[in-house]
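What follows is a short report on a single structure.
Heads up: numbering here begins at 1 and tracks the sequence. Since we're looking at a predicted model, the values are computed, not measured.
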Amino acid sequence: MASPATAGDIKDDAICSICLGYLTEPVTIACGHNFCRACLTQYCAEKGAGTPLTCPQCRAQFQKGEFKPNTQLSNIVQKLKQLGLKPGKGQKEDQCERHEERLKLFCEEDGETICWVCEKSRDHKSHTVVPVEEAAQEYKEKLQGALGPLRKELEEALVLTSKEKEKTTEWQRKVKNKRETIAGEFNKLHTLLREEEQLLLQSLEEEERETLQRLRENVTKLSQQSSSLQQLIIEIEEKCQQPVVELLKDVKSTLSRSENVKLQEPEAVSTDLKNVYKISLDMREALQRFGVDVTLDPDTAHPNLVLSEDRKRVRHGDKRQDLPDNPERFDRYSIVLGAEGFVGGRRYWEVEVGDKTGWDLGVCRESVRRKEKVTLTPGNGYWVVVLRNGGYKASTSPSTSFPVSVRPSRVGIFLDYEAGEVSFYNVTDRSHLFTFTDTFSGNLHPYFCLGYSAGATNTAPLIICPVPAQAGGNLCP
């Protein structure tokens, strides 16, 4: 037995497109379409004399009487009737709702399928009409032709979507890192402020104790003098009440003591607060109390470097100096270390970089190699930020670039040995640049590199800035 799809196709071929019923005495015209003999005869009779006859389905012309009986199709119709398949079932979608004729034509102007009656109507009379099979094939080719560009557009859309997702992920990563940096910096500031609060309260308590002690000593001395004066007054009053002989007895001594009485004024004690108890809400001001007086170590300086007498300034020299090649000296890059080594506590210093186009600043282990190529990474003992080709990077592995909105002319370096942090600050706009987090061991020294000096560029010196007056007394936690 044929499949349902095949049976459906056979049933469609066995239906007359004029009466929409099963073909009765089917006949075939020149174009190959089949109709009931009676339907086609009536169709031809309704056409006026001299009017060309056209196929009700495809509009192909044919001559009256030029149709042949189709015995094979007649047998198929009989078998369909025996199977109980009713004509018209499943045909509604192919039938004109207005004329109940098969939708065998396609109007190019209106873009819709129509029946042969619609074609003759005023709505479509002057329109270009083609068989649905021909229109379907044409538009199928057009649709298939449109698939290529659409697939290309889809591919581009997917690529762009992927890029936007990557940008979204990268943006979220940047925001997360910045959020952590901000939280870390404020946590550090809060810690420093709490410590500063304790120091200020301790200093205030000491000043209070010292001043109160002096004031109380004055009160004690004045009380003693008051008591002596009261005793002398009572003695003189009693003397005045005595008989003549008693009054004159030792009267000169009494007068002498009264004349020699002189009030000793208390020691002047100022009640003005001596110390300035300033609360710092600025990271730099909070860090400056850890300020350390850094000086440069000439024994570590590259022979091309020239140090100032106070060892606070370093610049490129005009030629290589004849200096001893001691083990401490860097001989490949323009590097010099700070003379001070730190094995604990907190230290802060600032370096003037001016308008230099290249420099390195940070800290390094005392044990770093000095006679060969230097790779700036924490694993090699360097915690350094660098300026190269207009960009700022941290010497992580791999290096980490960080944005700088305002070019720093002065850089602050804060070492918290126990916390394992080296933080860098743009003193120019008071912003945080970068923080290394690691575990330190052994001596750490301030690190300075002037970068390459090409001709007249990058010739400015690096200058260690003076320690603020309020700093230097609280260098360790």
Partner set under side-chain hydrogen bond (donor to acceptor under 3.5 Å, both in side chains) for [X], not counting sequence neighbours:
{"X": "D250", "result": "none"}
{"X": "E133", "result": "none"}
{"X": "N177", "result": "none"}
{"X": "Q321", "result": "none"}

Handout entry: Evaluation steps, side chain to side chain donor-acceptor pair (under 3.5 Å), between Y139 and Q144
Key = CA-CA 8 Å; Y139 280 100; Q144 289 176 339; over 6 Å; no

Problem - Inter- and intrachain pairs under ring-ring contact (aromatic ring centres under 6.0 Å, His included), touching residues 313-337, at least two apart - result: none

Problem - Residue pairs fulfilling salt bridge (Lys or Arg N to Asp or Glu O under 4.0 Å) with at least one residue in residues 293-302, sequence neighbours excluded - result: D293-K312

Fill in the blank from the handout: Residues pairing under salt bridge (Lys or Arg N to Asp or Glu O under 4.0 Å) where one sits in residues 231-240, two or more places apart or in two chains, turn out to be E235-R257

Handout entry: Residues K152 and E155 bridged, charged N to O under 4.0 Å
Key = no

Problem - Side-chain ion pair, R214 and E217, N-O less than 4.0 Å - result: no

For residues 392-400, which side-chain donor-acceptor pairs fall under 3.5 Å, sequence neighbours excluded?
from: S395; atom 1: OG; to: V384; atom 2: N; distance (Å): 3.1
from: S395; atom 1: OG; to: V384; atom 2: O; distance (Å): 3.0
from: T396; atom 1: OG1; to: P398; atom 2: O; distance (Å): 2.5
from: T396; atom 1: OG1; to: T400; atom 2: N; distance (Å): 3.1
from: T396; atom 1: OG1; to: T400; atom 2: OG1; distance (Å): 2.7

Under 3.5 Å, side-chain donor or acceptor atoms of residues 157-164 against the rest of the protein: list the pairs with distances, not counting sequence neighbours.
from: T161; atom 1: OG1; to: A157; atom 2: O; distance (Å): 2.7
from: E164; atom 1: OE2; to: K167; atom 2: NZ; distance (Å): 3.4

Fill in the blank from the handout: K142 meets the salt bridge (Lys or Arg N to Asp or Glu O under 4.0 Å) criterion, sequence neighbours left out, with E138

Practice task
Could you pull out all residues at least two apart from E119 that satisfy salt bridge (Lys or Arg N to Asp or Glu O under 4.0 Å)?
Solution key: R59

Enumerate donor-acceptor pairs with a distance under 3.5 Å from any side-chain N or O in residues 409-416 to protein atoms, sequence neighbours excluded.
from: S409; atom 1: OG; to: T428; atom 2: OG1; distance (Å): 3.1
from: R410; atom 1: NE; to: E352; atom 2: OE1; distance (Å): 2.9
from: R410; atom 1: NH1; to: E350; atom 2: OE1; distance (Å): 3.3
from: R410; atom 1: NH2; to: E352; atom 2: OE1; distance (Å): 3.3
from: D416; atom 1: OD1; to: A419; atom 2: N; distance (Å): 3.3
from: D416; atom 1: OD2; to: R346; atom 2: NE; distance (Å): 3.4

